[in-house]
Amino acid sequence: MANKVIAQVIKAGKDYKTGDTTITALQPSTMDLLSGELTLIIGPSGSGKTTLLSLFGCVIYPTSGEVLIDGEKINDLSENKLAAIRLEKIGFVFQQFNLVAPLSSLDNVMLPMMLQGVAEKEAIVRATAALEKVGMENKINKLPKTLSGGEQQRVAIARALVTNPEMILCDEPTASLDIKSVAVVMEELKQIAKNGKAVAVVTHDTRLRPFADRIIYVNDGMVSDKPFEEENLMTK
């Protein structure tokens, strides 16, 4: 169902304490992630955008406010419960791909299902189908080191998709790619959103704007649906 609210941060902020010093990584912010939508979260390095993504990804707890996943408040859940939510409801795509070097594309995509206890035969079928969706069916037996950066990222996207999560969270997924691979990967993510997933892409690269259904700007820990001073958001 399009435009279903998958995740929410409601006046959620994040502080870190170092000795007597408190560092605010994210000011209290309110934002939704919707199914069927690719949301670009854009801002310079150190702006707080990865902190915002980490709240949505149930990787950290908010210092203030609330985080809801499918309407469930995660603030008081145990680490084990958060891990279960991440495994079942969230797919992650990272800048450095995070593929396991000794494993083939197929085996890398099967990993989340192995953690879920899916039978090997079913995992192979589902992993193969996920690789087909991202155009990597001819590279299922290849090791990561034999693949280009764009191909490795497409395998990582297949791994994020294979458990059929409602939400895909991407942290600088194109930063290590050439311009041609950037377009391919972003088109894949755009299609995933069109198929009903909530997709959020954190980046400092303003060239990704044309792929977004919605753009959220983050700067100095503040979140806005309107851009801050343009010079602060230039590609680094």
Side-chain angles (χ1 to χ4, degrees), residues 1-95 98 112 115-117 159-161 163-173 192-193 196-203 212-226 228:
M1 181 173 60
N3 301 125
K4 173 188 173 185
V5 176
I6 301 300
Q8 299 172 283
V9 293
I10 303 173
K11 297 181 180 178
K14 184 64 179 178
D15 297 332
Y16 293 97
K17 289 186 179 290
T18 304
D20 294 331
T21 303
T22 298
I23 299 171
T24 298
L26 188 71
Q27 301 279 0
S29 305
T30 298
M31 177 186 163
D32 297 341
L33 291 180
L34 307 178
S35 62
E37 188 173 81
L38 191 155
T39 301
L40 202 64
I41 301 173
I42 196 165
S45 297
S47 61
K49 59 188 187 298
T50 297
T51 301
L52 178 60
L53 195 77
S54 297
L55 288 173
F56 278 122
C58 301
V59 176
I60 58 176
Y61 293 98
T63 306
S64 60
E66 299 179 350
V67 178
L68 281 71
I69 306 296
D70 268 345
E72 181 179 15
K73 183 178 174 181
I74 66 99
N75 295 51
D76 302 321
L77 298 182
S78 68
E79 291 282 359
N80 286 342
K81 180 61 175 175
L82 289 190
I85 289 174
R86 290 194 297 269
L87 186 60
E88 295 167 10
K89 298 187 176 183
I90 307 170
F92 293 93
V93 179
F94 302 98
Q95 176 181 344
N98 289 358
L115 293 172
Q116 287 182 331
R159 182 180 59 191
L161 276 174
T163 57
N164 197 32
E166 294 182 282
M167 180 167 54
I168 307 290
L169 303 179
C170 310
D171 193 0
E172 300 281 6
I192 290 167
K197 305 298 183 186
V199 180
V201 178
V202 156
T203 186
D213 297 305
R214 179 169 56 124
I215 301 177
I216 298 295
Y217 299 91
V218 186
N219 200 28
D220 289 335
M222 296 183 291
V223 177
S224 175
D225 58 1
K226 295 180 175 59
F228 297 91

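The first residue in the sequence is number 1, and the count goes up from there.
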Backbone N or O of [Y] within a donor-acceptor pair of the [X] side chain at under 3.5 Å?
X: Lys14; Y: Leu52; value: no
X: Lys11; Y: Thr30; value: no
X: Ser35; Y: Asn3; value: yes
X: Thr51; Y: Leu26; value: no
X: Asn75; Y: Val67; value: yes
X: Thr21; Y: Gly19; value: no

Q) Between Met222 and Thr24, is any pair of side-chain heavy atoms under 4.5 Å apart? A) no
Q: Compare all side-chain heavy atoms of Leu68 with those of Val5 and state whether any distance is below 4.5 angstrom.
A: no
For residues 82-95, which side-chain donor-acceptor pairs fall under 3.5 Å, sequence neighbours excluded?
from	atom 1	to	atom 2	distance (Å)
Arg86	NH1	Cys58	O	2.6

Straight-line distance of [X] [atom1] to [Y] [atom2], nearest 0.5 Å:
X: Ile60; Y: Ile74; atom1: CD1; atom2: CD1; result: 9.0 Å
X: Met167; Y: Thr39; atom1: CE; atom2: OG1; result: 11.0 Å
X: Thr22; Y: Tyr16; atom1: OG1; atom2: OH; result: 13.0 Å
X: Leu34; Y: Lys197; atom1: CG; atom2: NZ; result: 15.0 Å
X: Cys170; Y: Ile192; atom1: SG; atom2: CD1; result: 7.5 Å
X: Asp220; Y: Gln27; atom1: CG; atom2: CD; result: 9.0 Å

Kindly give the heavy-atom pair with the smallest separation between [X] and [Y], and that separation in Å.
X: Ile69; Y: Phe56; value: CD1-O, 3.5 Å
X: Pro62; Y: Gly65; value: CG-O, 4.0 Å
X: Val202; Y: Pro173; value: O-CD, 3.8 Å
X: Ala200; Y: Leu53; value: CB-CD1, 4.2 Å
X: Ala160; Y: Pro165; value: O-CG, 3.2 Å

Q: Return the set of residues passing side chain to side chain donor-acceptor pair (under 3.5 Å) with Asp213 (not counting sequence neighbours), or none when no residue passes.
A: Lys190
Q: State which residues pass salt bridge (charged side-chain N to carboxylate O under 4.0 Å, His left out) with Lys81; sequence neighbours excluded, sorted by chain then number.
A: none
